[in-house]
There are 2 protein chains.
Amino acid sequence: MTKTIASSRCHHNPQVSCGDCRLNAICLPISLHITDIDKLDEIIQRGRPLQKGEFLYRAGEPFQSVYAIRSGTIKSIRVTNDGLEQVTGFYLPGEIVGMDGLAQNQYSNSAMALETSAVCEIPFTRLEELSLQIPSLQRHFFQLMSKEITEDQQLITLLSKNSAEERVASLLLSISTRNANRQLSALEFRLPMSRADIGNYLGLTIETVSRVFSRFQKQDILSVDKKEISILDIDALRTAANAVTC
Amino acid sequence: MTKTIASSRCHHNPQVSCGDCRLNAICLPISLHITDIDKLDEIIQRGRPLQKGEFLYRAGEPFQSVYAIRSGTIKSIRVTNDGLEQVTGFYLPGEIVGMDGLAQNQYSNSAMALETSAVCEIPFTRLEELSLQIPSLQRHFFQLMSKEITEDQQLITLLSKNSAEERVASLLLSISTRNANRQLSALEFRLPMSRADIGNYLGLTIETVSRVFSRFQKQDILSVDKKEISILDIDALRTAANAVTC
DNA sequence: CGCGGAGTTGAAACGTCTCAATTGTAGTGG
DNA sequence: CCACTACAATTGAGACGTTTCAACTCCGCG
């Protein structure tokens, strides 16, 4: 599925407008009237899909746009002073990435495609202008940024208070929930990211992530086949996640 | 100093307008023309100072305002499902707290005064209206939220990648820098928060924080007397912090 | 004076990391 | 089609750093 080339029916198809996009119930247009959606459509730019490993933008580049994910998965990464990478987020279809760039007029993260991905580019100065005309858009954007803040704080709590098992379980539940919001299966899905990305995001080593997966399999909570995940006992997974219900 | 009652010269004095406030070079007004500052002033509400331990707002309360700190220190805390607290931030004079509440129209954190503190309440719906009229205010607010995001991501990186010593050193450098921005000493200051708050914020136990302070003292990097901190060797402290230059 | 909270210090326990070996899988070329 | 390589993932054993538990000090305050 992720390897299909762009066609009129394909997720990566660059020709779809916001009004027709199957994600418009969860993406930016959710806040807009029909007439306003067209205005939004006019400023959105849709390019060719990104291939796995390609950068959407890199840390330090001048901030110009935020991006709505249309298909695929994007990870955002910060580079620490000593050259290590820190994965700061995974962005699935319908989600917005790039808002970290506003503060300093340059991106503080890099964004990389984890698989073939299509994005809608939203030039920020034009979005700002539009926000001055459409109060509900301004509010929605404030809310989007606030949501990013609360999600980051959830991750902070996870890193600060929770064990390896709790962290991995929380991430799986988060992905499960976000899949469900997109009408996909909450119990069976393919992880778009590697064990290394998971570990990096959760503050764990690859080996620890792997061991947790193994333990969950032995407990019949999960069935894991490489990146294919089946949640066999979601209540047990919720229990294992403790605290955080993403 | 922190126990002085409000007087015309006191930091906690509720009568000061934004135009006269000694923080206006680093607070919200930084983005505004003189005429616009008056408009901002009109919507800002200043109440009596909060005493140590008092809540500015509590998680779950309906979101109505963001708050600019005028004096003192506020900590924001999330409560996890299992009842533990997670400190998500410390807010010093000139900084804005409460933006996490926007996403869900209710605060996701509680905010508590760590010492006697005065705040300027900014009703959000009025700030929104004003932002529609003053583009630079809208932009500034977007930037403020973006700044909160990048700072949270810095903390995520710190928790995920850095040792106890690096975390404590980073926090001290952050406070030092923020003090310097307010024309206070970068090398000698009083920590407004307890060891418990520091540990909680940094994902460490009280004991570990205490041990790190002791080690830094033995290395002549710091002089610690309860909450009074003197940075004796800021270069060594930067080295100890590694990576993160807050 | 004695109480309680905050902070410090020590010793052992614990969980994750590190290092290393092994397996499995996808991609490449003979 | 199979051998070969490169990479991702798994698994084990020991090392390491932080936590836990406990005792103790310090200080403000009734």
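Note that the structure is a prediction, hence the values are computed from the model and not measured. A note on names: the letters A, B, ... follow the listed sequences, proteins ahead of strands, and every chain is numbered from 1.
- By the 6.0 Å contact criterion, CZ on B/R58 is open, its count of non-hydrogen atoms from other residues, nucleotides or ligands being 12 or less.
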Going 5' to 3' along nucleotides 9-18 of chain C, which nucleotides have protein heavy atoms under 4.0 Å from the base (write B), which only from the sugar-phosphate (write S), and which from neither (write -)?
BBB----SSB
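- To the nearest angstrom, P of D/dC26 lies 19 Å from NZ of B/K227.
- For the residue pair B/N162/B/N242, the side-chain donor-acceptor check at 3.5 Å is not satisfied.
- Separation of atoms CD (B/E95) and CD1 (B/I26) is listed at 7.5 Å; rounding is to 0.5 Å.
- The separation between A/R195 atom CZ and D/dC7 atom P is 19 Å, rounded to whole Å.
- D/dG17 atom P lies 12 Å from atom CD of B/E166, rounded to whole Å.
- Donor-acceptor pairing under 3.5 Å is recorded for the side chains of A/Q153 and B/N109.
- Distance, B/D197 CG to C/dA6 P: 10 Å, rounded to whole Å.
- Spacing between atom CD1 of B/I198 and atom P of C/dG7 amounts to 8 Å, rounded to whole angstrom units.
- D/dA9 atom P lies 11 Å from atom CE of A/M193, rounded to whole Å.
- One can place NZ of B/K226 at 9 Å from P of D/dC27, the figure rounded to the nearest angstrom.
- The number of heavy-atom neighbours closer than 6.0 Å to CD of A/Q104, taken from other residues, nucleotides and ligands shown, is 12 or below.
- Computed from coordinates, the A/R190 CZ to D/dA9 P distance equals 10 Å when rounded to whole Å.
- Distance CE/A/M99 to OG/A/S146: 10.0 Å, rounded to 0.5 Å.
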